[in-house]
Amino acid sequence: MAQNKAWTLASFPTGWVTEENFKLVDSPAPAPKEGEVLVKNLWLSLDPYMRGRMSQQKSYVKGVEIGEVMTGETAGEVVESKHPMFKPGDKVTTPSGWQLYGSVNGELLTKVDASRAPLSYFLGCLGMPGRTAYFGLKEIGAPKAGETVLVSAASGAVGSVVGQLAKAWGCRAVGIAGGREKCDYVVKQLGFDACVDYKAGNLYRDLKEACSKGADVYFENVGGEILDTALRLMNLRSRIIVCGLISEYNATEPYGVKMFRSILVNRIKVQGMIVFDWLDRYPEANQALLDLVAAGKLKYRESVVEGIENAPGGLIDLLKGRNFGKQLVKLA
Ligand SMILES: NC(=O)c1ccc[n+]([C@@H]2O[C@H](COP(=O)([O-])OP(=O)(O)OC[C@H]3O[C@@H](n4cnc5c(N)ncnc54)[C@H](OP(=O)(O)O)[C@@H]3O)[C@@H](O)[C@H]2O)c1
């Protein structure tokens, strides 16, 4: 029988996550019950939302309890199936969490066509982050051709797709990212019109120059001072998609937004989003994103740590911005 390894939550972090917040547990691989499918996980996705699940604060989804397997999405291969829709060898994405094997209710699995794109892409630009970019930009941002779309964390899993979709839809795309290397990648490889390094120390001046006609859409991934600065550049009747606030996830006190007045003066529409608000429309996004990837029009980059043992370090790196592209753990 195959051996499983699973990371469980050992304690709730206060402030930054540390390796001590996790415990690695060995056990035999779980046997599938009727309706379940045993999957060998090949890739584990690490995502900023995991910080919120390591907390007892009220959120849009229940958090992980102490001793439970860390929540997370994986991509892998079916080993044994007790569900009529799956057979051994099928490639799937699963909600089985931080472990090598998962026995999952077949209704919660998604079969993917790994002949059209690498399997790991279905956790990134063709998975949850890609769909987040697609629905947030299309439905809340509603950009018109010629408008300026500004996006933070622009080199990352969500932000990189936002800017490329904006370009594909005829807009001017401006990114914000940390460091020259990430900004160069966003412009030269992803094709954004400009990218501002928020660590360079002149954020307002540099953003004003990059968005010479102001911003019509701001796709917010980080919050804090970057949000306050973006608020100073928003145009009349512009839209802000509040997708994520990663700069606050490890803070003990929330950041107090100072430029709130801009929302009133400019009649800005500000709307929060959670990707599963569009659950019934996932096939539409999946198809649109797959077509762009297959046509070479959606570029994508991954940041990979090797081996399940290194999953906690991978999450810590992601939360500190040390990833460069979609953060993954290669499990096999
Ligand atoms: N609402 C939803 O349904 C939904 C779904 C998916 C993701 N999200 C949110 O979208 C955001 C991006 O997620 P992702 O998976 O695409 O992650 P990602 O961009 O691949 O990685 C996170 C990036 O955030 C940036 N960052 C970290 N700390 C920061 C700070 N203090 N100030 C400014 N930037 C910081 C870093 O980039 P730099 O080096 O450029 O700073 C880091 O690389 C997150 O806030 C996440 O929670 C929301």
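What you are looking at is a predicted structure, and each value in this text was computed from that prediction instead of being measured. In listed order, ligands and their atoms are each counted from 1. Residue numbers run from 1 in the order of the sequence given.
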**Item:** Minimum side-chain heavy-atom gap E147-R239 below 4.5 Å
**Value:** yes
**Message:** Can you name the atoms of ligand 1, numbered from 1 with element, that are less than 4.0 Å from a heavy atom of L318?
**Reply:** 21 (O), 22 (C)
**Request:** Can you figure out which of F219, Y49, W278, Y249 has its heavy atom closest to atom 47 (O) of ligand 1?
**Result:** Y249
**Request:** For atom 43 (O) of ligand 1, grab the closest protein heavy atom and report residue, atom and distance to one decimal in Å.
**Result:** N323 OD1, 2.6 Å
**Item:** Result of checking M54, R53, K62 against T71 for side-chain contact (heavy atoms from CB on, under 4.5 Å)
**Value:** R53
**Asked** Of all the non-hydrogen atoms in the protein, which one sits nearest to atom 16 (O) of ligand 1, and at what distance?
**Response** V158 N, 2.8 Å
**Request:** Find out whether K326 and Y121 are in side-chain contact, i.e. whether some heavy atom of one side chain is under 4.5 Å from a heavy atom of the other.
**Result:** no
**Item:** Over 12 non-hydrogen atoms of neighbours within 6.0 angstrom of NZ in K182
**Value:** yes
**Item:** Protein residue, atom and distance nearest to atom 40 (O) of ligand 1, heavy-atom basis
**Value:** G178 N, 2.8 Å
**Prompt:** For ligand 1, is K326 a contact, meaning one of its heavy atoms is under 4.0 Å away?
**Reply:** no
**Message:** Looking only at protein heavy atoms, which one is nearest to atom 30 (C) of ligand 1, and what is the separation?
**Reply:** S247 CB, 3.6 Å
**Asked** Regarding N21 and S11, is there a side-chain donor-to-acceptor distance under 3.5 Å anywhere?
**Response** yes
**Message:** Within ligand 1, which atoms have a heavy atom of A153 less than 4.0 Å away?
**Reply:** 19 (O), 24 (O)
**Asked** Does the S155 side chain pair with the main chain of V186, one donor and one acceptor, at a distance under 3.5 Å?
**Response** no
**Message:** Can you confirm whether K82 sits close enough to E36 that some side-chain heavy atom of one is under 4.5 Å from a side-chain heavy atom of the other?
**Reply:** no
**Asked** Considering only the protein, which heavy-atom contact is closest to atom 11 (C) of ligand 1, and what is its distance?
**Response** N221 OD1, 3.4 Å
**Parallel, tilted or perpendicular, as decided by the 30° and 60° cut-offs, for the rings of F276 and Y60** = tilted
**Request:** Can you sort out which atoms of ligand 1 are near A177, meaning under 4.0 Å from one of its heavy atoms?
**Result:** 40 (O)
**Asked** Would a 4.5 Å heavy-atom cut-off, applied to side chains only, mark L290 and N286 as touching?
**Response** no
**Prompt:** Under a 4.0 Å heavy-atom limit, does L245 contact ligand 1 with its side chain, its backbone, both, or neither?
**Reply:** backbone
**Request:** Around atom 13 (O) of ligand 1, find the nearest protein heavy atom and jot down its residue, atom name and distance.
**Result:** P48 CG, 3.6 Å
**Atoms of ligand 1, numbered as shown, that sit under 4.0 Å from any heavy atom of G321** = 36 (C), 39 (O), 42 (C), 43 (O)
**Request:** Look at atom 24 (O) of ligand 1 and say which protein heavy atom is nearest, naming residue and atom and giving the distance to 0.1 Å.
**Result:** I246 CG2, 3.7 Å
**Fill in**
Atoms of ligand 1 under 4.0 Å from any heavy atom of K182, numbered from 1 in the order shown, are 37 (O), 38 (P), 39 (O), 40 (O), 43 (O)
**Polar contact flag, side-chain donor to acceptor under 3.5 angstrom, D317-N323** = no
**Message:** Students should be able to answer this: which protein heavy-atom is nearest to atom 19 (O) of ligand 1, and at what distance?
**Reply:** G156 CA, 3.3 Å
**Asked** Between D206 (side chain) and V196 (backbone), is there a donor-acceptor pair under 3.5 Å?
**Response** no
**Complete:** Contact region, Y198 to ligand 1, non-hydrogen atoms below 4.0 Å, reads side chain
**Message:** Pairing donors with acceptors under 3.5 angstrom, does anything connect the side chains of Y218 and S152?
**Reply:** yes
**Prompt:** Numbering the atoms of ligand 1 from 1, which are under 4.0 Å from a heavy atom of M128?
**Reply:** 5 (C), 6 (C)
**Asked** At under 4.0 Å between heavy atoms, which part of K320 makes contact with ligand 1: side chain, backbone, both or neither?
**Response** neither
**Prompt:** Between Y185 and F324, what is the ring plane arrangement, given parallel below 30°, perpendicular above 60°, and tilted in between?
**Reply:** perpendicular
**Asked** Does at least one non-hydrogen atom of C243 fall below 4.0 angstrom from an atom of ligand 1?
**Response** yes
**Atom indices of ligand 1, in the order listed, that fall short of 4.0 Å to a heavy atom of G244** = 9 (C), 45 (O)
**Request:** Indicate the ring-plane relationship of Y134 and W169, choosing parallel, tilted or perpendicular according to the 30° and 60° boundaries.
**Result:** perpendicular
**Asked** Should V275 be counted as touching ligand 1, given the test is an N or O pair under 3.5 Å?
**Response** yes
**Message:** Looking at ligand 1, would F324 count as a contact under a 4.0 Å heavy-atom criterion?
**Reply:** no
